[in-house]
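Report on the structure given below.
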2 protein chains.
Amino acid sequence: MAAKKPSTIDLAHFCPKYENAVQTLGKRWTPLIIRALLGGSRRFTEISDYIGAISDRLLSERLKELERAGVVEKRVFPETPVRIEYVLSAKGLELQGVVEAIQRWADRWAAAGEAAATPGRS
Amino acid sequence: MAAKKPSTIDLAHFCPKYENAVQTLGKRWTPLIIRALLGGSRRFTEISDYIGAISDRLLSERLKELERAGVVEKRVFPETPVRIEYVLSAKGLELQGVVEAIQRWADRWAAAGEAAATPGRS
DNA sequence: CAGGATCCTCTTTGATACTG
DNA sequence: CAGTATCAAAGAGGATCCTG
């Protein structure tokens, strides 16, 4: 079993936009980065601290991806030493709805099906 | 650079629920599987056809993960040959909000920042 | 501070083949 | 039909060292 037939069920489904979005947002750390930036512009180290366990390499990589996707903007302040801040673009800000939807779902179903779960804040 | 300071920004942020949800939903193919099942119960092959490029091994793996997470239920009909259908649980059905949020975002920002993009349906 | 460059390891994925 | 088993290749992730 592996052949790809044209499919039996109606395919009013193929949605490159959705798949694209999922691919952009679904990578590891990305949702956390978005969440970190919803609070306003942040510096590299702040985001890193916020997330905690991410490596510099990955954070750098994700930020670049998000920049390319037009979700995040990078602001460079020519001070000394240079200060750099990341902020959500208009496109990025609208992700708040997605983040909230996930949050609501997570809150509602916390521990329902998984381990007893930690009382952790939401 | 790697030290973990208590962080400068306020951390009313640590949210295991959100992270958990993201981890469950963020794996490759999962969002597509959810989407496939929002249309009702589907058989293994139907989901496979719907998604198109997923391998049996992966689909099987994802379905089991989703079952464990309480998002999907497996129905076995003791016919001959046996028929098996997958359907979203109550918990899974509530993911519609998440899917829609992503969908709205994707539609609004299609191709804004990425390649010209295909005209593909949403 | 804000990363870039490397190296190396652990997963994930995708073919393929086989089963009840 | 509905998977499971196996395996090799690809990719993601982490740690470390190094700049401007």
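Residue numbers begin at 1 in each chain, while the letters A, B, ... track the order of the sequences.
- Nearest-nucleotide assignment on DNA chain D puts the 5′-proximal partner with A:W29, out of A:V82 and A:W29.
- Under the 6.0 Å distance and 45° angle rule, A:R83 counts as a cation-pi partner of A:F77.
- In this model, no donor atom of one side chain and acceptor atom of the other lie less than 3.5 Å apart for A:R28 and B:Q23.
- For A:R57 against C:dG3, no side-chain N or O and base N or O form a donor-acceptor pair under 3.5 Å.
- Side chain of A:D56, nearest nucleotide from C:dG14, D:dA2, C:dG3: C:dG3.
- For A:S60, whose side chain is taken as the heavy atoms from C-beta onward, the closest listed nucleotide among C:dG3, C:dA2, D:dG14 is C:dG3.
- Candidate nucleotides C:dG14, C:dT12, C:dA2 were compared by shortest atom distance to the side chain of B:K27, and C:dT12 ranks first.
- Within the structure, every side-chain polar atom (N or O) of A:K74 is placed at least 4.0 Å from both OP1 and OP2 of C:dA2.
- Taking a cutoff of 4.0 Å between a charged side-chain nitrogen and a carboxylate oxygen, B:K17 and B:E19 do not qualify as a salt bridge.
- The separation between B:E61 atom CD and C:dT11 atom P is 13 Å, rounded to whole Å.
- Phosphate proximity of C:dT13 to B:S55: absent, as no side-chain N or O sits under 4.0 Å from OP1 or OP2.
- Comparing D:dG13, C:dG14, D:dT4 against the side chain of A:L58 picks out D:dG13 as the nearest.
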